[in-house]
Visitor: 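I'd like to ask some things about the structure below.
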Amino acid sequence: MSPPLDRGAPEQAVPGPGLPDSPAALWHTLRFRTRIWVKRARIVGVRVARLVSIGASRLLPGIRYLLRSVHRKWRRSLQFRTVLTTLMLAISSFAVVGAYLSNQIANNLFQERLVQAESETRYNVKQVQDTFDGAQVTDQSSVITLVYDTLNAVEGRGSVIQRRYVFEAMPEQTKPRNRWVESRASDQLTISVIPPELRKAVQDSGKEQFWASTEFPVGTEDRPGIAVGNKVTFNGTVYELYLIYDLNTAQKTLDEIQNVLLAGGAVLALLIGAVAWYVTRNVVSPVSHAALVSEKLAAGQLQERMVVKGEDEVARLGASFNHMAASLQEQITQLATLSQMQQRFVSDVSHELRTPLTTVRMAAEVLYDAREDFDPINKRSAELLYNQVERFQSLLADLLEISRFDAGVATLDAEPGDIVQLVSHVMEGVAPVAAEYGSQVTLNAPAGSIIVDMDDRRIDRILRNLVLNALEHGEGRPVNISVAANDHAVAVAVRDHGIGMAPAEAARVFDRFWRADPARARTTGGSGLGLSIAAEDTKLHNGWLQAWGRKGSGANFRLTLPLRQGETITKSPLQLEPVDVGLHGAAGQRTMLLLDPTPAPRAGGGNRAAGSGPDDGPRVPGPADAGATSPGTAGTGTKERS
């Protein structure tokens with residue numbers, strides 16, 4: 001055996017080969033190891049963060065997809081929304097009711113056990129005190145035996161321990177007499193299982209009884225219990241006696257009740273969800289069927305009908321829906337028949353009129369050429385006949401074109417082309433009309449070409465109609481043509497500064513034969529179908545044709561076309577409501593063509609037209625042209641657009 005250590009003087013440590021021999025060395029070693037552990041902690045933290053980020057990156061898409069699916073289902077399905085709302089309300093109600101019932105049952109069980117524990121404690125403490133008071137023991141072994149037997153009797157040992165105890169002498173007693181027992185407790189219990197508040201209350205009291213909830217170990221588990229404390233006296237020493245009552249049985253009962261409530265609530269929620277699903281299905285299914293039939297009717301399947309079963313409200317709704325669908329089918333069929341008859345009539349009449357009209361036109365041309373040999377009255381009649389025949393022929397051509405659109409036989413012959421060059425060609429063609437009205441026509445376009453997939457003939461007709469309308473209603477003021485393009489579309493805007501039109505008139509300007517003033521005669525002999533044909537041509541190109549106007553401020557017509565066939569227009573490069581008319585782009589990146597109505601000083605006379613040669617070509621505007629492009633004073637009067 002090794003000799004006992006001398007506890008009077010501590011041993012001194014002898015420095016070894018691996019031990020630091022100074023505080024500085026010890027501090028250096030500590031700092032070095034600390035840096036190592038910090039570095040290791042950082043590495044571990046980075047790895048954990050990386051794993052968390054990888055897991056989140058893999059889980060988040062699935063969670064987002066699930067949330068989007070639920071949100072889409074919530075928005076689109078009335079049955080899903082109703083069932084889910086019913087389930088949420090039912091589960092919330094069950095949670096509230098279950099929590100209330102569980103709390104009430106727990107309180108009742110606890111109060112019942114507490115009353116029983118207080119009653120038993122009073123009885124047992126009285127027995128312990130009587131035993132201690134009547135004891136005639138003077139030696140230590142007898143005292144210990146008496147205390148042990150008395151406390152074991154209080155514990156009530158048997159097949160099941162009814163209660164446990166903690167027996168502890170009160171601290172700071174000045175004159176204890178023969179204190180041979182300091183403390184004693186059941187099994188593994190110690191005074192630490194008693195709440196400090198309970199001990200303080202017992203120590204500060206006289207003969208009162210106090211209780212508190214606590215937990216105490218039994219084997220490897222902690223059980224809930226009630227600790228009831230009193231004071232007892234033995235041989236002049238005051239002791240604290242705590243009886244601890246096990247609530248594990250009550251807790252198991254409460255757990256079983258809660259499990260039953262939870263299982264019953266879950267089953268009841270599922271039953272309510274199934275009932276809600278069945279009820280809403282019976283109500284929503286006819287509505288869904290009606291929506292499906294409505295979509296088919298809107299798609300042209302006029303023979304579709306709802307299935308009617310029974311005589312309830314849903315059946316009456318289905319019968320009314322079928323009656324409405326039958327009435328709509330009959331009316332649509334009648335309208336379609338009348339429309340086909342009208343289209344066939346217009347087409348047939350137009351074709352039948354072409355032959356006699358050709359003969360009449362030839363006769364009118366002969367009379368018109370020989371008008372100088374007639375007297376003034378016959379001369380004027382020959383001129384009127386010639387002009388009205390020309391107008392009648394134009395109207396007949398427009399009617400034939402409209403009949404092609406109505407019959408659905410109009411086709412698009414689209415090829416890549418330069419729309420800027422096409423606009424210049426249109427300006428050349430309208431030069432005589434611009435000279436007649438005294439209007440100056442300007443073109444504002446980017447430098448270079450803008451290649452568009454288009455039908456040159458139809459786009460030429462659209463632009464010519466827009467420019468001629470602008471000249472007719474511009475009252476001699478300037479007409480501005482702007483061209484701009486973005487990545488997907490090109491726009492051409494024709495702006496005049498004439499009499500203008502109200503927003504209500506702009507909304508109807510593309511209707512067939514519509515006139516702002518039906519009582520007024522036309523001035524240029526238009527057929528009234530020009531803008532309608534332009535709108536149909538634009539639809540063939542999958543484009544936009546829009547109008548803006550304001551009384552006294554002129555009008556603006558904007559044609560927007562996709563650069564490539566099959567593309568969809570999302571935004572026009574030009575604004576519909578014009579703020580001002582200026583040149584787009586920086587200097588050197590734009591071009592400007594000008595039609596001047598002033599006759600050119602050249603042999604044979606004539607008007608300057610854009611792109612017609614060295615003498616007739618586009619003239620670059622100088623400082624004197626700035627005032628020429630201003631709108632001028634707004635005129636009065638009313639003219640319709642055709």
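The structure presented is a predicted model; accordingly, all values stated were derived computationally and were not measured.
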Visitor: Could you tell me if the side chain of L422 sits less than 4.5 Å from the side chain of M454, heavy atoms only?
Guide: yes
Visitor: Please work out which of the three classes, parallel, tilted or perpendicular, describes the rings of Y386 and Y368, given edges at 30° and 60°.
Guide: parallel
Visitor: Please find the pair of heavy atoms, one from V420 and one from D418, that lie closest to each other, and give the distance.
Guide: N-OD1, 3.1 Å
Visitor: Is a side-chain donor or acceptor of S439 paired with a backbone partner of P478 at a separation under 3.5 angstrom?
Guide: no
Visitor: Counting only heavy atoms from other residues, nucleotides and ligands, does the tally under 6.0 Å from CD of Q301 exceed 12?
Guide: yes
Visitor: Please tell me if the side chains of F80 and V70 come closer than 4.5 Å, counting only heavy atoms from C-beta onward.
Guide: yes
Visitor: A side-chain contact here means heavy atoms from C-beta on lying under 4.5 Å apart; do I462 and T538 qualify?
Guide: yes
Visitor: Are there more than 12 heavy atoms of other residues, nucleotides or ligands under 6.0 Å from atom CD1 of I63?
Guide: yes
Visitor: Ignoring hydrogens and angles, tell me if any N or O in the side chain of N542 forms a donor-acceptor pair with the backbone of E567 under 3.5 Å.
Guide: yes
Visitor: Would you call K551 and E505 a salt bridge, taking side-chain N to carboxylate O under 4.0 Å as the test?
Guide: yes
Visitor: What are the two closest heavy atoms between A489 and P573, and how far apart are they?
Guide: O-CG, 3.5 Å
Visitor: Can you give me every donor-acceptor pair (side chain of residues 315-335, partner residue at least two apart or in another chain, under 3.5 Å) with its distance?
Guide:
| residue | atom | partner | partner atom | Å |
| --- | --- | --- | --- | --- |
| R316 | NH1 | E311 | O | 3.4 |
| S320 | OG | R316 | O | 2.9 |
| N322 | OD1 | M306 | N | 2.7 |
| N322 | ND2 | M306 | O | 3.0 |
| N322 | ND2 | G318 | O | 3.3 |
| S327 | OG | Q331 | NE2 | 3.4 |
| Q329 | OE1 | R305 | NH2 | 2.6 |
| T333 | OG1 | Q329 | O | 2.6 |

Visitor: Considering non-hydrogen atoms only, spot the tightest contact between L471 and A434 and give its length.
Guide: CD1-N, 3.8 Å
Visitor: Show me the donor-acceptor pairs, under 3.5 Å and distance only, between side chains in residues 282-298 and residues at least two apart or in other chains.
Guide:
| residue | atom | partner | partner atom | Å |
| --- | --- | --- | --- | --- |
| N282 | ND2 | Y278 | O | 3.4 |
| S285 | OG | R281 | O | 2.6 |
| S288 | OG | V284 | O | 3.1 |
| H289 | NE2 | V307 | N | 3.4 |
| S294 | OG | A290 | O | 2.7 |

Visitor: Checking the side chain of R558 only, and the main-chain atoms of L574 only, is there a donor and an acceptor separated by less than 3.5 Å?
Guide: yes
Visitor: Are the side chain of H473 and the backbone N or O of I499 linked by a donor-acceptor pair below 3.5 Å?
Guide: no
Visitor: Do H488 and R564 have side chains that get closer than 4.5 Å, going by heavy atoms?
Guide: no
Visitor: Please report the shortest heavy-atom distance between V483 and P446, naming the atom on each side.
Guide: O-CD, 3.1 Å
Visitor: Quick one: are D460 and V426 in side-chain contact, heavy atoms under 4.5 Å?
Guide: yes
Visitor: What are the two closest non-hydrogen atoms of I569 and G543, and how far apart are they?
Guide: CD1-CA, 3.8 Å
Visitor: Among D537, D455, D456, which residue meets the salt bridge (Lys or Arg N to Asp or Glu O under 4.0 Å) test with R461?
Guide: D537
Visitor: Looking at CG of L563 and CG of N486, how far apart are the two atoms once the value is rounded to the nearest 0.5 Å?
Guide: 7.0 Å
Visitor: Quick check: closest heavy atoms across L545 and A535, and the distance to 0.1 Å?
Guide: CD2-N, 3.8 Å
Visitor: Should L84 and K73 count as side-chain neighbours, where that means a heavy-atom distance under 4.5 Å?
Guide: no
Visitor: Checking V389 now: which residues fulfil side chain to side chain contact (heavy atoms under 4.5 Å, CB included) with it, not counting sequence neighbours?
Guide: L357, V360, R361, A364, L385
Visitor: Donor-acceptor check, side chain of D496 to backbone of A555, threshold 3.5 angstrom: yes or no?
Guide: yes
Visitor: When you compare the side chain of L531 with that of F557, does any pair of heavy atoms fall below 4.5 Å?
Guide: yes
